[in-house]
Amino acid sequence: YELVMPNAIIIDNNTIGKLTTSDGQLIINDENTIDSLIIKNSRLELSDNTTNTINYLAITGTRGKLAEVVGGENQSTLDLAEEPTLLYSSFININITAEEPPVADNGLDLGNNSGFTINEITPLTYYWVGGSGDVSDLTHWATSSGGSELHEDAFAQIDNIVLDANSTDGKAVITSSDEITINNFEMLGITDSIEFDMKDVNIYGFVYLAQTSTFDLMTIRFRGTVVATQNLGNTDDNLYSLYFYDGEHYLSGDTLRTKSIFIDGGHVHLSDKYIETEQLYNLSGRGEFQNSTIKIDWRLYGNNEEDGSDFTNTHVYLADNENKYSTWPRIDISGDTLSFVEVGHEAQLFDSSYDTLMIPPGKTVNIYESISVATAKINGEADDVIKLIGNNGAKLISREGEDIDISYVEITNLPAEGATMTADLSIDRDGNDGWIFTNEILIPEIPSGLSAIEITHNSYLATWDEVEGAESYIFSYTTCEV
């Protein structure tokens, strides 16, 4: 029988006649016997350590859209009976067994392949000409700077694109409704304003963006195994997100502003910088942030794997963006140590260590698991207290065994340990073993007939609901007067 599917997942062990996937993705799990497998302009993904037996195999793409063949980390094997057709395709983690080692023409070797030869596609350079336009329009891509000879095919993953002084006579807007994938993206000698209205840009080499460039929600994904310096130009203007998957990357300049930073592999150097972002995730790989100041609007996640995140001498500020998100800003650096953390908003702190933790008056901080601090600058004010709330058995620990003194703090379910921990002019809401409360502020009981509407440290304001003729009164900690 014959199956024609643009997108499909094959599970279990099967015997299949002819299977065709065009302009989509085919995922093959387990091990199968297939008479004819045809992959056109698509992605073929194979399970790790599996062997699929195929009589005839054809995998073809185009120069502008290579077909992709992706195996597991320990390779995936294709056992072929006939000579295959392999053209304009990329390969990673693939082993081929055949009577004669096959040849993939105009292909791309992404590593860990065996049993066949890949004749790699020749990289080309594409020069933008003609001012504003869409990257899919080949009339904008010349073979030389300002030249009239145009490329006949769209650029591929190994190609480079260049914008220079001959690209436009004035301000230009360059658009793309689809993601693009290239090697290097370079802007040279640009003095005119260039606005990019693009989706995702996948980079396998480096970017060099001009200071005159601006962005409309553009995401850059660094996928290559290169060691490269990335120059992001004017990041003040809405560069949406940065993703790092592989390679080693240095970012030029002292300042980085972007909506999101995701490190999901590779080695990223972000030391000695001022960074503003809504969220920074170091999920895997190594992120270096030594001696940097990081202003976080929402989430900071670290990676405590060996050679994971390094936050040595890093100052983190949780920005005061009240009501901007549905959840509070959060720090979860999984055992790493931050040099200085200042909470500028209601926040959540997870298993972390701080040289200095600073919480200004009026903030509420939920602590999950336990955090340790060497120095705590946690001092509220009489009319603007700080609230510390422990969750899931959390504790506040003196990391160096030094005494810690805080004041004007309302503490709930947050035991203290490691040294003498003193809370002056504060409120003990129970569950706070290990704290010494000095000059403790006691919350009085509400007399019968009253309902509390506000508590401060020097008064208790209530409404007198049941007594005719009286509207409200104020009483101190020990006396009550109408």
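Computed over heavy atoms, backbone and side chain alike; hydrogens, waters and symmetry mates excluded.
Although no hydrogens or angles enter the test, the distance criterion places a donor-acceptor pair under 3.5 Å between the side chain of Asn282 and the main chain of Ser284. Of the possible donor and acceptor atoms, none in the side chain of Ser292 sits under 3.5 Å from a partner among the backbone N and O of Ile294. When atom types are taken as modelled, the side chain of Glu149 and the backbone of Thr143 share no donor-acceptor pair closer than 3.5 angstrom. Looking only at distances, no side-chain donor or acceptor of Asn184 sits under 3.5 Å from a matching main-chain atom of Glu186. Ser370 contributes a side-chain N or O that, together with a main-chain N or O of Lys395, makes up a donor-acceptor pair within less than 3.5 Å. Without hydrogens or angle criteria, Lys259 side chain to Glu278 main chain gives no donor-acceptor distance under 3.5 Å. Although no hydrogens or angles enter the test, the distance criterion places a donor-acceptor pair under 3.5 Å between the side chain of Thr50 and the main chain of Ser47. At distances below 3.5 Å, not a single donor-acceptor pair connects side-chain atoms of Ser260 with backbone N or O atoms of Ser241. Judged purely by atom type and a 3.5 angstrom limit, Ser136 has no side-chain atom pairing as donor or acceptor with the backbone of Asp134. A distance-only check finds a donor-acceptor pair linking the side chain of Asn7 to the backbone of Gln25 [under 3.5 Å].
The aromatic ring centroids of Tyr204 and Phe222 lie 6.0 Å or more from each other. Two rings, from Trp141 and Phe155, have their centers less than 6.0 Å apart. Ring to ring, Trp128 and His140 are close: their centroids are under 6.0 angstrom apart.
Judged by a 6.0 Å distance limit and a 45° cone about the ring axis, Arg221 is positioned over the six-membered ring of Tyr243. The cationic atom of Arg299 (NZ for Lys, CZ for Arg) does not lie both less than 6.0 Å from the six-membered ring centre of Tyr281 and within 45° of the ring axis.
Asn160 places none of its side-chain heavy atoms less than 4.5 Å from the side chain of Ile182. Residues Asn106 and Leu87 form a side-chain contact, since some pair of their non-hydrogen atoms from C-beta on lies under 4.5 Å apart. Taking the side chain as every heavy atom from C-beta outward, Val162 and Leu188 approach each other to under 4.5 Å. The side-chain heavy atoms of Val373 and Leu396, taken from C-beta on, include a pair separated by under 4.5 Å. Looking at Phe185 and Leu209, their side chains come closer than 4.5 Å, going by heavy atoms from C-beta outward. For the pair Ile54 and Leu78, the minimum side-chain heavy-atom distance is below 4.5 Å. Within the 4.5 Å cutoff, the side chain of Asn49 has no heavy atoms near those of the Thr77 side chain. With contacts defined as side-chain heavy-atom distances shorter than 4.5 Å, the pair Asp109/Glu120 qualifies.
Note that the CG atom of Asp264 and the CG atom of Leu283 stand 5.0 Å from one another [nearest 0.5 Å]. One finds the OG1 atom of Thr20 at 8.0 Å from the CG atom of Leu37 (value rounded to the nearest 0.5 Å). For the atom pair CD of Glu276 and NZ of Lys295, the computed distance is 5.0 Å after rounding to the nearest 0.5 Å. If you take CG on Asn119 and CG on Leu86, they are separated by 11.0 Å, rounding to the nearest 0.5 Å. A distance of 13.0 Å separates CD1 of Ile275 from NE2 of His315, quoted to the nearest 0.5 Å. The CD atom of Glu288 lies 13.5 Å from the NE2 atom of His249; values are rounded to the nearest 0.5 Å.
Counted within 6.0 Å of OH on Tyr208, heavy atoms from surrounding residues, nucleotides or ligands total 12 or fewer; the atom is thus considered open. More than 12 heavy-atom neighbours from other residues, nucleotides or ligands sit within 6.0 angstrom of CG on Asp23. Crowding of Glu82 atom CD: a count of heavy atoms from other residues, nucleotides or ligands under 6.0 Å exceeding 12. Annotation for Lys387: atom NZ does not count as buried by contact number, only 12 or fewer foreign heavy atoms lying within 6.0 Å.
Residues Ser114 and Gln75 come closest through the heavy atom pair OG-NE2, 3.2 Å. Pairing each heavy atom of Ile333 with each of Ser353, the nearest pair is CD1-O, 4.3 Å. What you find for Ile121 and Arg63 is that their closest heavy atoms are CD1-CG, 3.6 Å. Of all heavy-atom pairs spanning Pro415 and Ala394, the tightest one is CD-O, 3.2 Å. In plain terms, the two heavy atoms of Ser76 and Leu46 that are nearest each other are OG-O, 3.5 Å. Tyr250 approaches Val227 most closely through the heavy-atom pair CE1-CG1, 4.3 Å.
The aromatic rings of Phe116 and Phe91 sit perpendicular, their planes meeting at an angle over 60°, well past the 30° parallel limit.
A side chain to side chain contact (heavy atoms under 4.5 Å, CB included) with Asp310 is found for one member of Thr314, Asn313, Thr312 and no other, namely Thr312.
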Please determine whether side-chain hydrogen bond (donor to acceptor under 3.5 Å, both in side chains) holds for the pair Asp30 and Asn13, giving the CA-CA distance in whole Å, both sets of side-chain angles, and the decisive distance to 0.1 Å.
CA-CA 6 Å; Asp30 304 307; Asn13 301 321; 6.0 Å; no
Asn291 vs Ser271, test: side-chain hydrogen bond (donor to acceptor under 3.5 Å, both in side chains). Steps then yes/no.
CA-CA 6 Å; Asn291 306 311; Ser271 302; over 6 Å; no
Going through the distances and angles, do Tyr274 and Leu256 end up as a side chain to side chain contact (heavy atoms under 4.5 Å, CB included)?
CA-CA 6 Å; Tyr274 176 78; Leu256 173 62; over 6 Å; no
Evaluation steps, side-chain hydrogen bond (donor to acceptor under 3.5 Å, both in side chains), between Thr225 and Asp246:
CA-CA 5 Å; Thr225 58; Asp246 207 339; 5.7 Å; no
Criterion side chain to side chain contact (heavy atoms under 4.5 Å, CB included) on Ile296 and Leu280, from CA distance to verdict
CA-CA 8 Å; Ile296 294 287; Leu280 192 163; 4.0 Å; yes
Could you go through the side-chain hydrogen bond (donor to acceptor under 3.5 Å, both in side chains) check for Asn202 and Glu179 one step at a time?
CA-CA 7 Å; Asn202 298 297; Glu179 69 175 42; 3.2 Å; yes
Could you please spell out the steps behind the side chain to side chain contact (heavy atoms under 4.5 Å, CB included) verdict for Phe311 and Leu300?
CA-CA 11 Å; Phe311 289 97; Leu300 173 62; 4.1 Å; yes
Worked check of side chain to side chain contact (heavy atoms under 4.5 Å, CB included) between Thr375 and Tyr354:
CA-CA 8 Å; Thr375 301; Tyr354 308 95; over 6 Å; no
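A side-chain donor-acceptor contact under 3.5 Å links Asp48 and Asn74. Side-chain contact annotation: Ser145 with Asn166, donor-acceptor N/O pair under 3.5 Å present.
Comment: Arg330 engages Asp332 in a salt bridge, judged by a side-chain N to carboxylate O separation of less than 4.0 angstrom.
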